[in-house]
Participant: 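Sharing a structure with you now.
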Protein chains: 2
Amino acid sequence: MTPEILLKLLSDQTRLRSLMLLMQEGELCVCELTYALDLIQPKISRHLAALRDMQVVIDKRAGQWIYYHINSKLPAWANELLQATLKGSLDEKQYKRDIKKLKSMKNRPENRICA
Amino acid sequence: MTPEILLKLLSDQTRLRSLMLLMQEGELCVCELTYALDLIQPKISRHLAALRDMQVVIDKRAGQWIYYHINSKLPAWANELLQATLKGSLDEKQYKRDIKKLKSMKNRPENRICA
DNA sequence: TACATATATATGCTTATCCGTATATATTGT
DNA sequence: ACAATATATACGGATAAGCATATATATGTA
């Protein structure tokens, strides 16, 4: 992991929004992100794949769902960078909207299964 | 300034390398950056203009030279983000090479004029 | 004034990146 | 086995981003 790689990944809005939600929520499946960000599923999957390829996020299957979370083994500088980004995002409309939309989701898989 | 804007600016190598040198050195003119990064002048100027347009850097004329420095009034999260980026860059070959090249520059304008 | 140096910007081109659609794979439930 | 749900990926097209060259502007110097 290098600053170049991480920053390129963070330069796309879909990846940025996904990561900020993952920072806040810890773990989310594709359908939750698709709902929260109000985007089509292949778009979410494609960008999560890019993050996964560089090991910024880790995926984990649970039944039909695949959950993503931020790699806990990122170097310190990368965690600090993500923290700073989250701090800057807290004021942003887009971020607030995404969180709100996620909270409003009915039948979230984690509410149905015992994780 | 939003995370989206700053991260997009940081996603280009020329801008990233320029900013890291500015973080380290405080203030540099276009010709110093051109020399240190080993790139052509219009390329440096173009990317500095992008950073200036979003007020990530401030320019200041001193005779024929125009010096750039990082805006000291950036929000805290942006400074933290840049600090984390620098921290991650310290290990990188490219960064070390750029710093070394800068130090090797003869007749640096700041060495000739009384700033 | 004329020339040299430093910097900025406009232009047309190339390339990278992102997109939506279609489709493939995996899992669960009937 | 079949249908439904969740996710991943391949593909061709669109858009954005970066590039080098050429040129314009500003400053300093002879």
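For clarity, every value in this text was computed on a predicted model and none was experimentally measured. Order of the sequence lines sets the chain letters (A, B, ...), proteins ahead of strands, with each chain counted from 1.
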Participant: Would you give me the side-chain donor-acceptor pairs under 3.5 Å for residues 74-83 of chain B, sequence neighbours excluded?
Facilitator:
from   : atom 1 : to     : atom 2 : distance (Å)
N79(B) : ND2    : L74(B) : O      : 3.4
E80(B) : OE1    : K87(A) : NZ     : 3.2
E80(B) : OE2    : K87(A) : NZ     : 2.9

Participant: Mind calculating the distance between CD (E4(A)) and P (dG18(D)) to the nearest angstrom?
Facilitator: 13 Å
Participant: L51(A) CG to dC18(C) C1': how many Å, rounded?
Facilitator: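 Taking atom C1' of dC18(C) as the reference, CG of L51(A) is at 14 Å.
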Participant: Roughly, in whole Å, what's the span from CD1 in I40(A) to C1' in dT21(C)?
Facilitator: 8 Å
Participant: Got a sec? Which of residues 6-22 of chain B come in under 4.0 Å of DNA chain C, heavy atoms?
Facilitator: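 Hits under 4.0 Å, by residue number: none.
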Participant: Using OP1 and OP2 only, check whether a side-chain N or O of H47(A) sits under 4.0 Å from dT17(C).
Facilitator: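 Checking dT17(C) against H47(A), no side-chain N or O comes under 4.0 Å of OP1 or OP2.
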Participant: Answer yes or no: is there a side-chain heavy-atom contact under 4.5 Å between Y67(A) and P109(A)?
Facilitator: yes
Participant: Quick test: give all pairs of protein nitrogen or oxygen and nucleotides 7-10 of chain D nitrogen or oxygen below 3.5 Å, distance rounded to 0.1 Å.
Facilitator:
from   : atom 1 : to     : atom 2 : distance (Å)
dT7(D) : OP1    : V30(A) : N      : 3.4
dT7(D) : OP1    : I66(A) : N      : 3.3
dT7(D) : OP2    : C31(A) : N      : 2.7
dA8(D) : OP1    : Y68(A) : OH     : 2.5
dA8(D) : OP2    : S45(A) : OG     : 2.8
dA8(D) : N7     : Q41(A) : NE2    : 2.6
dA8(D) : N6     : Q41(A) : OE1    : 3.4
dT9(D) : OP2    : R52(A) : NH2    : 3.2

Participant: My understanding is that only residues two or more places apart in sequence, or in another chain, count here; which of them pass salt bridge (charged side-chain N to carboxylate O under 4.0 Å, His left out) with D12(A)?
Facilitator: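 For D12(A) there are no salt bridge (charged side-chain N to carboxylate O under 4.0 Å, His left out) partners, ignoring immediate neighbours.
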Participant: Within this structure, what is the CG-to-C1' distance between L39(B) and dA8(C), rounded to whole angstrom?
Facilitator: 17 Å
Participant: Tell me every residue that passes side chain to side chain contact (heavy atoms under 4.5 Å, CB included) with A50(A), counting only those two or more places apart in sequence or in another chain.
Facilitator: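 Counting only residues at least two positions away or on another chain, A50(A) forms a side chain to side chain contact (heavy atoms under 4.5 Å, CB included) with L9(A), R15(A).
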Participant: State which residues pass side chain to side chain contact (heavy atoms under 4.5 Å, CB included) with Q55(B); sequence neighbours excluded, sorted by chain then number.
Facilitator: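 Side chain to side chain contact (heavy atoms under 4.5 Å, CB included) check on Q55(B) returns N71(B).
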Participant: I'd like to check the side chain to side chain donor-acceptor pair (under 3.5 Å) partners of R97(B); sequence neighbours left out, ordered by chain and number.
Facilitator: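 With neighbours one apart ignored, the set is Q94(B).
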Participant: Think K101(B) forms a cation-pi with Y35(B), using NZ or CZ under 6.0 Å from the six-ring centre and within 45 degrees of its axis?
Facilitator: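 K101(B) over Y35(B) ring: yes.
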Participant: To the nearest angstrom, how far is I5(B) atom CD1 from dA17(D) atom C1'?
Facilitator: 16 Å
Participant: Which residues satisfy the side chain to side chain contact (heavy atoms under 4.5 Å, CB included) test with K103(B), sequence neighbours excluded?
Facilitator: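 Here the qualifying residues are E25(B), I99(B).
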Participant: dA6(C) C1' sits how many Å from L33(B) CG, rounded?
Facilitator: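 Going from CG in L33(B) over to C1' in dA6(C) covers 13 Å.
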Participant: Between dA6(C) atom P and Y35(B) atom OH, what is the distance in whole Å?
Facilitator: 14 Å
Participant: Kindly write out the residues that satisfy side chain to side chain contact (heavy atoms under 4.5 Å, CB included) with K43(A), not counting sequence neighbours, or none if the list is empty.
Facilitator: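 Residues passing side chain to side chain contact (heavy atoms under 4.5 Å, CB included) with K43(A): T14(A), L39(A), I40(A), R46(A), H47(A).
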